[in-house]
Amino acid sequence: MVRAIVQSVADVQALNKKKAATSRQWMLLDSKGESMVLEVSKYDIMHRVGIHARDLRILDPLLSYPSTVLGRERAIVLNLEHIKAVITAEEVFLRNPTDENVIPIVEELCRRLPVRREPAKTVESNGVDPTKLRTSSKSRLLQDIEDEPPFEFRALEVILEAICSYLDARTTELEADAYPALDELTSKISSRNLDRVRKLKSRMTRLTARVQKVRDELEQLLDDDGDMADLFLTRKLAGSSPPVGSSLPSIWEIGSPNTGSRISRVSRASMATYTADNDVEELEMLLEAYFMQIDGTLNKLTALREYIDDTEDYINIQLDNHRNQLIQLELVISAATVIMSMYAAVAGIFGMNIPYPWNSGYNYVFKWVVFLSGVVCLAVFSLILFYARYRGLIGN
C-alpha cells in the first residue's frame, strides 16, 4: 500500500516536471501594441510561426548558443544576449517576459510597434465615381506604407536598439570602474589593487566576447544580401496564403478573433512598394546603423584593453627596476661580506694561541695590524665597487 502511494506521488511529480518542461512562458505582442503572457508548449509555437525544433532550440535559455539572427519563411528567430524572440510579419513572441532586462523591451515594443496614422478624412460621395474613391483610398494607403517600415523591421529595430544600448551601458560602467583602478595600481602596487584589476580584466574579457558575437552576427547579415532579403517577412507573405489559425486554441486571440490570418491589405500592398533591391537597402541601412553603434562599443573595449596592457607593461617595468635594484644591493652586500672575511682572516691568524717568539714584547704592533688591515680591506672594497660601476653592474 505504501509502495503504491509512493509510486503514485512519483508519477505525479514526473508529470508535473514534464508539463513544466514542455510548457514555456512567452509574451505575445501584436501590431496594435497589445500584449499577452502565454503558457504554451514549444509545439504550439512551432505550429504558430512555422519554424523547426532546431530553430526553437536556439532560444532555450538552458542551452548555450551564440548570438544568432535567422531568417525563415514565416519568422525571424532572434537570440541576442538576454533577448530571445520570434518575430513574424504581425507578431512578436518573447521568452522570459518577467526578466528585469526584458521588461523595458516589452514596454518599448508596446509603444513603438503600433503604426500611428492620421485619421482619414471623410469624402462626400455625391456625384463621384466609387471607383475613383477606392483608387484614392488605395493611394493614401500605399503612401502610408511608404512612410512606415514593415512590422518586422520595427520590432527588429527596437530589439537591436535595446541590445546595443544595454551593451554600451555595461561598457560605460566597466570604464568607470576600470580607469580609476588602473591609475591607482600605477601609483601603488599592492595585492588588493592587483586583485581588483584582475577581476576587472575578467569582466572586460567576458563583455568583449559578448559584444564581438553581436557584431559578428550583424556583419554576417550585412555581407549577405540573401540573408537580409530573408528577413523581409511582409514581402514574402504578401504573395502567399495566410497561415491557418482556425485550429489554434483561443489563447492566441488578442483583440481580434483572426490573429493568425491578419495578412491585411497593408501587408499585401507593401509588396508593390518595395522591390528586392529596396528591401535589402532599407534593411541594410537599419543594420548598418546598429552595426556602427556596436562597433563603437567594441572600440571602447579595445581601447580599455590597450590601456590595461599598457598598465601591465608599466607595472612590469617597475617590477624589473625594483628587481635590478635588489640585485645591485645584493652585489654590494656580497662584496662587503668578502672584505669582512679578509679582515676576519687576519684577526684569526693573530688570535691563534701558538707560542711564537714574536708574540711577546711587541704589543705596539697590534694597532698597526688593525689599522693596516682595515685600510687594505677598504681599498679592496672600493676597487670592487669601482669595477662594478665601470662595467655598469650597479647604477650611477
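When a residue number appears, it is its place in the shown sequence, counting from 1. Computed from a predicted structure; not experimentally measured.
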Just do the side chain to side chain contact (heavy atoms under 4.5 Å, CB included) check on F153 and E282 with the steps written out, would you? CA-CA 9 Å; F153 284 10; E282 180 183 359; 3.8 Å; yes

Are any non-hydrogen side-chain atoms of I103 and V106 less than 4.5 angstrom apart? no

Quick one: are R210 and K213 in side-chain contact, heavy atoms under 4.5 Å? no

How many angstroms lie between NZ in K84 and CG in N79, if you round to the nearest 0.5 Å? 3.5 Å

Between D60 and K42, does any side-chain N to carboxylate O distance fall below 4.0 Å? no

Would you check, one step at a time, whether the test side-chain hydrogen bond (donor to acceptor under 3.5 Å, both in side chains) holds for E152 with T234? CA-CA 8 Å; E152 62 270 20; T234 302; 2.8 Å; yes

Looking at R48, is its backbone amide N or carbonyl O close enough to the side chain of R74 to form a donor-acceptor pair, meaning the two atoms are under 3.5 Å apart? yes

Return yes if a side-chain donor-acceptor contact under 3.5 Å exists between D224 and Q220, otherwise no. no

Between D183 and Y307, does a side-chain hydrogen bond (donor to acceptor under 3.5 Å, both in side chains) hold up when you go through it step by step? CA-CA 10 Å; D183 294 337; Y307 193 82; 2.6 Å; yes

Check the side chains of D44 and S41 for a donor-acceptor pair under 3.5 angstrom, ignoring hydrogens and angles. yes

L63-L56 co-clustered via ILVMFWY side chain contacts under 4.5 Å: yes

With a 6.0 Å cut-off (strictly less than), is the heavy-atom count around OH of Y65, excluding the residue itself, greater than 12? yes

Can you tell whether the side chains of K199 and D195 come within less than 4.0 Å, N to carboxylate O? yes

Please give me the minimum heavy-atom distance between L38 and M36, naming the atom from each residue. CD2-SD, 3.3 Å

Can you name the nearest heavy-atom pair linking Y290 to C164, along with the distance? O-SG, 3.7 Å

S190 and N193 side chains, donor-acceptor separation under 3.5 Å: yes

Hey, any chance I327 and L385 share a hydrophobic cluster, counting ILVMFWY side chains that come within less than 4.5 Å of each other, even indirectly? no

When every non-hydrogen atom of A89 is compared with those of L233, the smallest separation belongs to N-CD1, 3.9 Å

Using a distance-only test with no angle check, is there a side-chain donor-acceptor pair under 3.5 angstrom linking Y314 and D309? no

Can R389 be said to sit on top of Y387's aromatic six-ring, NZ or CZ under 6.0 Å from centre and within 45° of the ring axis? no

Say whether, by atom type as modelled, one donor and one acceptor occur between the side chain of D295 and the main chain of F291 under 3.5 angstrom. no

Has the side chain of R95 got a donor or acceptor atom that lies under 3.5 Å from a matching backbone atom of W26? no

Could you walk me through whether E184 and R196 pass the side chain to side chain contact (heavy atoms under 4.5 Å, CB included) test, one step at a time? CA-CA 10 Å; E184 185 178 356; R196 183 183 176 188; 3.1 Å; yes

Side-chain touch T186/T311, heavy atoms, less than 4.5 angstrom: yes

